[in-house]
Amino acid sequence: MRQLLLVFAHPRLEASRVNRRLLDAARSVDNVTIVDLYERYPAFDIDVEHEQRELSKHDVMVWHHPFYWYSAPPLFKQWIDLVLTFGWAYGPGGTAVAGKSVHHAVTTGGGAEAYSHDGRNRYTIQEFLRPYEQTARLCGMSYHEPFAVHGTHRLTTTDIEAEALRYRRFLEDCLHEH
Amino acid sequence: MSTSFLVDAIAYLLAALVCVPIAKRLGLGSVLGYLVAGIAIGPALLGIIGEQGTDIMHFAEFGVVIMLFLIGLELEPRRLWQMRTSVGVAGSLQLALTTVAIGAGAMLLGLPWQVSLAVALALSMSSTAIVLQSLKEQGLMHTSAGRTSFAVLLFQDVAVIPILALLPFLATGVGQGASDHTSVLADVPALLRAVLVLAAVAVVVVAGRFAVVPMMRAVASARQRELFIAASLLIVGGIAWLMMMVGLSPALGTFLAGVVLSDSEFRHELESDLEPVKGLFLGLFFIAVGASIDVASIAAQPLATAAIVLGLVAIKAAVLVAVGRFVKLSLDQTLLFAIGMAQVGEFAFVLLSFSVQSGVVPPHVSSSLMAATAISMALTPLLVLALRLLVLPRIGTRQAPTRQADDISEHHNVIIVGFSHFGSTIGRLLRANGIEATILDNDSDRVDLLRRMGFRVYYGDATRADLLAAAGAEQASMLICAVGSQETTNAIVELAGKHFPHLQLLVRARDRFHAYELMEHGVAFPYRDGVETAVRMGVDALRATGRRAYAATRAGSQFLRYDEASMAELATLYRSDDDYVGAVRRHVAEQERLLTMDIQADHTQGDHAWDSEPMRKGVSRRD
C-alpha cells in the first residue's frame, strides 16, 4: 500500500472553518500521515533529519495550505528550504525523493472565476504555483494538477461538508494512482 | 514497667485499630470510631478499662492543649483579619443564638442559670472534624454553604478559648469539687493576681518570640529529629504548666504561643512534629470520652435520650437556618449548611469535661449530654445523606451541577503556586490570553492585591494537601509550581504526585542541579529560572489548555515584547515607590501597576490578517 505524507501549513487553523474540516476529513483516510507544521514547529525550528526520514517513508506528498498572497504561509517555504537539501533531494547524489509524486491542495478566499485570465487575479492557480511545480520537478518528483477549494468566505456549512467529502476522495485517488 | 499498663495500652490501641478504620470505611469519620472504641472497652461493655478512664481523660486532655497550639500556629493574625466579616457575622450569630436557645431550654427544664449557660456554650459547638471531613468528601468546600460552615467553625475554634476562661467563674460547687489545677496564686490578693496573670501572658508572648526561636535553632543544629519533637512538647507542656500555675486555661496559653510562633521559621516543623502526637492524644481523649459514656443509663431511658438528641439537633438546625438566610445563602445552600453543622461537636466533650472538673456542671448532666453529643455526631452523615437524596432534588436547585455565578470561577483548570516575579509573569500571560488561573501564595499583602484585581487566590502553604485540594487540585488539570524555594518546590512535587497524580506538573527549577533533582522525582522537563522561561511555561500552559502551538508561541513572544517595552517607564516609578509605599510593600505596588497596565493593554495580537472572519463579513456586506 502506498503511503501519503500530508504536509500541512496554516498559522491560524483555529480561525479557519474550511481547513479545520478538510484536515478532519484527511485524518479519516488510512495510510495518510499528517505533518501539522505550525503545531509542530511554532518557533520555525524545523527538525530537518526527522522531516527527511518521514519523507523517505512515503510515496505521495500533498502540500496543503491556504493560498496567502498567491503563495504559501512562510513556514511551508521554510520547510521546503530546509528539508529538500542539496545532495539529498537534488544535485549530485540527491535522489532521496526522486520518483515520488506531489499534489497541491489550496484554499482561496476568492471565487474560481477570479483565477482565470479574464478574472481579477489574471492568472490561474496552476500558474501561480509554478515555483512549487519546478521545485518538485527539480527533485525528480511528478507534480499534478492542484486540488482547490475556492470562495471559502461564501461557503455554507453544507458546502463545506461537500468539499470535505471531495477532499477525502481526492486523497484516496492520490493513494491509488500510479 | 507494670504489665497492667501494657494491658491498658494494648486495649486502647487495639480498640482504636479495629474501630477507626471501620468507622472511616462507613463514612462516619475517625472521631466516631474512637468514641465507639471507647464505649466497647469501657465499663459498659467489655469493662477492660474502668475507673481509670477518668484519669486517662485528664492525661489525654494534653491532646486538646496540643490541638489548640496547632490551631494557633495556623491562625496568623493577618489571616484571621482577612476573614473577619464572614467569621465575625456568621460565627457570632450562630454562637449567640444557639447559646440563648439551648440555655433557655435548659432553664425551662429546671437547671440553674450557671449550669444552663455552661451547657449551652458547650452544646453550641459543631464538630470541626466531622463537618470539614464530610464537606471535603462531598466536594462541597467551595459552595457558599461550605465556606460559611468553615467560617462558623473557625469562630467556634477561637471562641473556645474565652469560654474555657469563663467556665470556672460559673462554678457553684454542684460538681465534684473545684478545679484540680493547683494554682499557687489561690491565696494572693485579687489585684496582684491579675498583675501576675498578665505577666504570665506577657512571658508567653515575649518568650515565644525571643527564647523559643533561638532554642529551636540550637536544637535544629543538633540534627536529631526526636530532640525537635521533645523540644516541641517541652514548649507546649511548659506553657500549659505556667498557665495552670496562674490559674488560666492551659489551652488558652498554648493557643497564644501558637499564634506568636505562627510566623516563625519553625512553624512547619512544629506542625509536622506535633501533628501525629496530637492525633494520638486526641484519639486517646475520644476513647476516654467514649468509655465515660454511661451506656446503661441511656439504655434505661432511651426516650429521654432520643428527645435530648432530637431537641438539640432541631434547635441547632433552626438557628443555622436563620444564620444561613441572614448571610444570604440560597435555600438549598442554607439547608446543607444547617443540617451539616447541626451536630454537637468534639469541643463539647472538652468543654463539658472541663465544666465538670471546674465544678460547674454535675457529672450526671454532663454524661447524658456527652452521650447525646456522640449520638448527634453519628447522626450527621445520615442526615446529610437524607437531605441530599430526598429533600434537595425537590427544591429544584441541586448545588453540585448548578453553581452560583461566583462559584464558577473557582474551578479553573490551572493552579499557579507562588506569585512572585516568576509566577506573576505566567499568571499575567495566561490572563492576557483569557485563562484565569487559581493562585496560591503565602504573602498576605500580595494575596490582598490579587483579590482586589479579581484573581481567585488562596492564601497559605501549598505543601499541605488540604489547601491544594481547597484550591481545586482535584478538578484542575494542571499545576504550575513557580515557587522560589527548592525545598518547597520538592515538597509540592512530592505531594502532588502522591495526592493528585492526575495533575500535569510544570515546575520551576532554581538551577541546573535543582533541575536534575526534579528529574529524579519524575518531572520530565523542569523550567530553569528566568523571565523567558516563565514565558515559555505560560506558553506551554496555554498549549495544554488546547491553544494551537503557534498561537500560544506568538502570544508568549508578544507578551515578552510588551513586558520589556514597559520596563523603561516602570524603572522610573520604581525609585519613587520608596517615598510613599516603603521598600516592604514595593513588590506589591509594582505588581499592582503591572496588572493594571495589563488590563488596559490590548492583547488580541496583531494576527488578524490570518482570520477569515473579517473578510467573510466584508464579502457578505458587499453582496
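Proteins get letters first, then strands, A, B, ... in listed order; numbering begins at 1 in each.
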Hey, are the side chains of A/P11 and B/R554 touching, using non-hydrogen atoms and a 4.5 Å cut-off?
no
How about B/M567: does its CE atom have over 12 heavy atoms from other parts shown lying under 6.0 Å from it?
no
Looking at A/E14, I'd like to know if its CD atom is crowded, meaning that more than 12 non-hydrogen atoms belonging to other residues, nucleotides or ligands lie closer than 6.0 Å.
yes
What do you reckon, is CZ of A/R122 surrounded by more than 12 foreign heavy atoms closer than 6.0 Å?
no
In terms of heavy-atom pairs under 4.5 Å, which option from A/V18, A/L75, A/D36 contacts chain B the most?
A/D36
A/E39 and B/Y550, any side-chain heavy atoms less than 4.5 Å apart:
no
When the 4.5 angstrom heavy-atom criterion is applied to A/F44 and chain B, the contacting part is side chain
Heavy atoms of other groups near A/R137 CZ, more than 12 under 6.0 Å
yes
